[in-house]
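Quick notes on the structure that follows.
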Amino acid sequence: MAQFDVIIIGGGPAGYVCAIRAAQLGLATAVVEKDKLGGVCVNIGCIPTKALLHSAHAARLIAHEAKDLGVLVGDVKTDYGVAMKRSRRVADQNSKGAEFLMKKNKITVLKGTGTLEAGRKVKVGADVHEAKKAIVIATGSRVKGIPQIGLEIDKVSVISSDEALFLEQAPKTLAIIGAGAVGSEFADIFNAFGSKVTLIEALPRILPIEDAESSDVIAKSYRKRGIEVLAGAKVKKATVAKDKVTLEVEAGGETKTIDAEKVLMAAGRAVNTEGMGFKEAGVQLDERGFVKVDLKTLETTAKGIYCIGDVAGPPMLAHKGSREGIHVAEIIAGHHPAAIKYDNVPSVTYCSPEVASIGLTEEQCKERKLEYQVGRFPFSANGRARASNETEGFVKIIRGKKYGEILGAHVVASHASEMIHELVVARENEFTVEEVDLAIHAHPTLSEAVAEACLDSMGRVLHT
Ligand code: NAI
């Protein structure tokens, strides 16, 4: 029986990052992975979708803006198959990168499915391995259908992001169910590749966890480019045939019939907890189905068994999982890492324009009866955004009235995913809005809009 200090089950962004930190701290570490290293994020999630979104951006830029920019091109055609193959190369490069990092840090990769065995052991195939200090569960999540309304993922007509990422061509018509991050990003991609997209969201607005003003900008932008956005919409019935799906959708008091070549399910994910020997090992699940953990240590109900990433609870985000991985490795090595601030995890949707946020939405501030001032700055008034034809969106800062703290910040912009971190760092370190403004922002940049929104929340905006 092989012995390690730590055995991590699952080699996604939570698991492999945990392994690197554990190895850095001198622990003999193994990662169990049944598929490719990097998990959903690297192979069928964050990374390939960002590659496809880049292709979508290029398609829009060349088709709609090139002439105005003084770049003359002939007829513009798109080919999803080519973009898909490029996205696969990018994903594979990243997975190979994770393999390299395992070798570099002398981490053993055990290929196969890991299950828990009594006495802090992990079974992989016919072999049993012992973890002297700890086992870390990082098994992640998977897509789910809605069988109750006849939408079981059949991988042909009713697909998930897993299949969408391997299509050879864009469907002529596509209905997307769920307008969270997955649904909204794929709506952007397939619209740019010529599909007629209908985006169906049960809640009253798309990107429902974001600030209402952010949702509004995206809904308006999507409608302008021909995406049919149905919010507050209920799929009553689905009839799946070989080459099309017919949906009966109730929205705004009307029932609509939508025929689509394919339906893409983007209505949330289920966690991977089955067949792991949890019950025997004493690892309990909470009422939502996530592994129950102590939020300070991420230890499960079984001593010496920890859990990180999607399977340990929301938000199901790669960067939250990676941070948990680092945290747990340090705890196992006997360190005392600073607590993870779960209320300061940035959220980003990489549609165009991108939507990024930190902290509370204005609706949440109202619900909590907080006293606040809102500062806004639109990119239509920002020189850099005008220069690059990227004037959609805004920065919105929600400032605590009494102390000037950043209650929440919302950025909708071409590069919101990069801009949000100024506010993440500020909020993590409890800087006030005044302190963010004290820092000189370079000109001309999109980030000047952050400084202006800060000023606006104090009644001192300069450029609107
Ligand atoms: P999600 O839970 O974020 O969004 C699913 C959406 O589907 C919700 O808005 C929900 O109201 C809606 N919905 C549920 N049932 C429905 C129905 N029957 N009809 C219509 N709408 C329905 O889940 P999503 O987008 O699948 O993503 C899964 C996880 O992965 C999330 O935690 C998400 O944050 C994460 N993720 C993050 C990304 C990013 O950070 N850019 C990209 C992709 C996923």
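Read the numbers this way: they start at 1 and go in the same order the structure lists the ligands and their atoms.
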Inset, instruction - Name all residues meeting the salt bridge (charged side-chain N to carboxylate O under 4.0 Å, His left out) criterion together with R427; count only those two or more places apart in sequence or in a different chain, and write none if there are none. - result: none

Legend entry - Nearest candidate to atom 5 (C) of ligand 1, where distance is taken over non-hydrogen atoms, out of S161, A318, A266: A266

Legend entry - Part of E185 with heavy atoms under 4.0 Å of ligand 1, whether side chain, backbone, both or neither: side chain

Legend entry - Nitrogen or oxygen of V182 less than 3.5 angstrom from that of ligand 1: yes

Inset, instruction - Report, as yes or no, whether the 6.0 Å neighbourhood of atom CD on Q169 holds more than 12 heavy atoms from other residues, nucleotides or ligands. - result: no

Inset, instruction - Please say whether more than 12 non-hydrogen atoms of neighbouring residues, nucleotides or ligands are located less than 6.0 Å from NZ in K220. - result: no

Inset, instruction - Consider every N or O of A202 and every N or O of ligand 1, then say whether any pair is closer than 3.5 Å. - result: yes

Legend entry - Those atoms of ligand 1 less than 4.0 Å from some heavy atom in V348: 39 (C), 40 (O), 41 (N)

Inset, instruction - Would you indicate whether K50, at its atom NZ, is surrounded by more than 12 heavy atoms from other residues, nucleotides or ligands within a distance under 6.0 Å? - result: yes

Inset, instruction - Using a 4.0 Å heavy-atom threshold (strictly under), name the region of L317 that reaches ligand 1: side chain, backbone, both or neither. - result: side chain

Inset, instruction - Run down the list P204, G178, A233 and name the one with the heavy atom closest to atom 7 (O) of ligand 1. - result: G178

Legend entry - Polar proximity ligand 1 side, K50 side, N/O cut 3.5 Å exclusive: no

Legend entry - Atoms in ligand 1 with a heavy atom of L203 nearer than 4.0 Å: 11 (O)

Legend entry - Backbone or side-chain N or O of R269 under 3.5 Å from ligand 1 N or O: no

Inset, instruction - Could you please spell out the steps behind the salt bridge (Lys or Arg N to Asp or Glu O under 4.0 Å) verdict for D211 and K396? - result: CA-CA 9 Å; D211 193 274; K396 173 174 174 177; 2.8 Å; yes

Inset, instruction - Kindly state each residue pair satisfying salt bridge (charged side-chain N to carboxylate O under 4.0 Å, His left out) with at least one member in residues 141-162, sequence neighbours excluded. - result: R142-E274

Legend entry - I149, any N or O under 3.5 Å of ligand 1 N or O: no

Inset, instruction - Measure I146 to ligand 1 on non-hydrogen atoms and call it side chain, backbone, both or neither using the 4.0 Å cut-off. - result: side chain

Inset, instruction - Examine the proximity of ligand 1 to A267 and report which part, side chain or backbone, both or neither, has a heavy atom under 4.0 Å away. - result: both

Inset, instruction - Check ligand 1 against P208 and write out every atom of the ligand that is under 4.0 Å from a heavy-atom position of the residue. - result: 9 (O)

